[in-house]
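Here's the structure, in structure tokens; my notes come after.
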Amino acid sequence: MYAGSKCWINNGLIDSNIRRPLEKYPVRNMEICSNIIQEQNGSIRIDAQSALAQDENAYIRGGYWTYADSETGLSMFVREKGLVWNDLTCAPSLNYRIQVAEGGTWHIWGLLKIDEEPAPIAFGLDGKPQPLSEQYNRGDLWCYEAKQIWRWTPVCDMEIPAGEHTFSVYAVRSGMRVDRIYLTRGEELPPDALEWRQ
């Protein structure tokens, strides 16, 4: 990990509590989402960090989201503890423009790291969050064996028609880290890190 001298507090120790402004994200570690995300071979792959681009194709709405390290580069999460959004239409979101070639039922997976119980996250399409009641386990993804580890988790199924859409990730509570999102019409598991870029 690289940390400039402004992060040092004593004898070269790093102050992990320094807040980084959103405008100064580490460009060299992320892929800017300069184009709409296209369906390829029946799947759509989203790197959560691309919302830092803050352009028409990938952006953060409602603040609160920041970046953190992950196993594959950067992830996104709401750092401030104890925040809850019961009305998902008001929840901060990560938003991505996607192009779907063939509509139908899509299985949605997240590469997630869960900090605490409960651990809900919500997805939505075109500004409409999917109700937690329609997600697996009513949106609560917490389980003891998944705490503090990165793992692919099936979150929900969603009807997505063909065409261009805005796919959103909503923070229901603080503490959930999101690295990647995988949408598929098939029954396969998400690709591993080496296959992800292919």
Side-chain angles (χ1 to χ4, degrees), residues 29-31 33 35-52 57-58 65 67-78 93-126 129-173 175-198:
N29 288 333
M30 66 169 278
E31 266 184 30
C33 193
N35 296 307
I36 191 167
I37 301 168
Q38 303 280 337
E39 173 187 346
Q40 294 181 348
N41 301 318
S43 68
I44 296 173
R45 300 174 186 191
I46 300 171
D47 283 296
Q49 66 184 343
S50 62
L52 292 168
N57 295 312
W65 287 97
Y67 61 89
D69 290 330
S70 73
E71 288 186 341
T72 64
L74 293 179
S75 64
M76 299 297 293
F77 80 119
V78 175
S93 60
L94 306 172
N95 304 276
Y96 311 92
R97 280 188 36 211
I98 61 172
Q99 180 69 43
V100 175
E102 185 178 327
T105 300
W106 288 75
H107 309 295
I108 316 295
W109 293 75
L111 182 54
L112 309 172
K113 183 178 179 185
I114 299 168
D115 287 345
E116 56 190 51
E117 180 183 8
I121 193 167
F123 294 123
L125 196 67
D126 299 326
Q130 185 184 54
L132 293 177
S133 61
E134 295 178 18
Q135 296 186 12
Y136 303 145
N137 203 30
R138 303 186 57 79
D140 186 3
L141 306 175
W142 190 90
C143 58
Y144 182 78
E145 66 272 11
K147 187 173 180 179
Q148 293 295 323
I149 61 167
W150 286 104
R151 75 176 206 170
W152 280 105
T153 304
V155 179
C156 62
D157 288 342
M158 186 180 290
E159 291 297 320
I160 304 178
E164 186 177 304
H165 302 281
T166 299
F167 182 82
S168 301
V169 179
Y170 295 90
V172 180
R173 292 179 170 269
M176 173 77 72
R177 294 178 191 235
V178 182
D179 187 344
R180 293 177 171 167
I181 303 119
Y182 185 68
L183 294 76
T184 180
R185 289 193 316 270
E187 298 299 321
E188 78 279 5
L189 296 173
D192 64 27
L194 292 176
E195 295 172 338
W196 184 260
R197 300 280 177 225
Q198 296 175 359

Is the shortest heavy-atom distance from the side chain of E188 to the side chain of Y182 under 4.5 Å?
-> yes

Close side-chain approach of V155 to I181, heavy-atom, < 4.5 Å = no

Any chance you could measure R151, atom CZ, to L112, atom CG, to the nearest 0.5 Å?
-> 9.0 Å

Is the backbone N or O of L194 less than 3.5 Å from a side-chain atom of D192, with the two atoms forming a donor-acceptor pair by type?
-> yes

Between P191 and W152 the two heavy atoms that sit nearest each other are O-NE1, 3.7 Å

What closest approach, in Å, do I121 and Y170 show between heavy atoms, and which atom pair accounts for it?
-> CG1-O, 3.6 Å

Over all atoms of both residues, closest heavy-atom pair of I37 and Y96 = CD1-CB, 4.1 Å

Heavy-atom closest contact (W150 atom, D69 atom, distance) | CZ2-O, 4.0 Å

Distance-only, no hydrogens or angles: does the Q99 side chain make a donor-acceptor pair with backbone N or O of I36 under 3.5 Å?
-> no

Minimum side-chain heavy-atom gap W65-M76 below 4.5 Å | yes

Hey, does V172 have a side-chain heavy atom less than 4.5 Å from the side chain of P129?
-> no

Do the side chain of D126 and the main chain of T166 share a donor and acceptor less than 3.5 angstrom apart?
-> yes

Roughly how far apart are R177 CZ and L74 CG, rounded to 0.5 Å?
-> 11.5 Å

Given side chains that start at C-beta, do those of M158 and E134 come closer than 4.5 Å, heavy atoms only?
-> no

First locate atom CD of E102, then atom CD1 of I160, and finally report the distance between them rounded to the nearest 0.5 Å.
-> 12.5 Å

Could you state the interatomic distance from CZ (F167) to CG (L94), rounded to the nearest 0.5 Å?
-> 10.0 Å

K113 versus S75: any side-chain heavy-atom pair under 4.5 Å?
-> no

Measure the shortest side-chain to side-chain distance between R45 and R180 over non-hydrogen atoms and say whether it is less than 4.5 angstrom.
-> no

Rounded to the nearest 0.5 Å, what's the gap from CG on L111 to CH2 on W196? Could you check?
-> 8.0 Å

Ignoring hydrogens and angles, tell me if any N or O in the side chain of Q130 forms a donor-acceptor pair with the backbone of D157 under 3.5 Å.
-> yes

Over all heavy atoms of both residues, which pair between L125 and H165 is shortest? Give the atoms and the distance, please.
-> CD1-CB, 3.6 Å

Between S93 (side chain) and N95 (backbone), is there a donor-acceptor pair under 3.5 Å?
-> no

Any side-chain heavy-atom pair of V100 and L183 under 4.5 Å | no

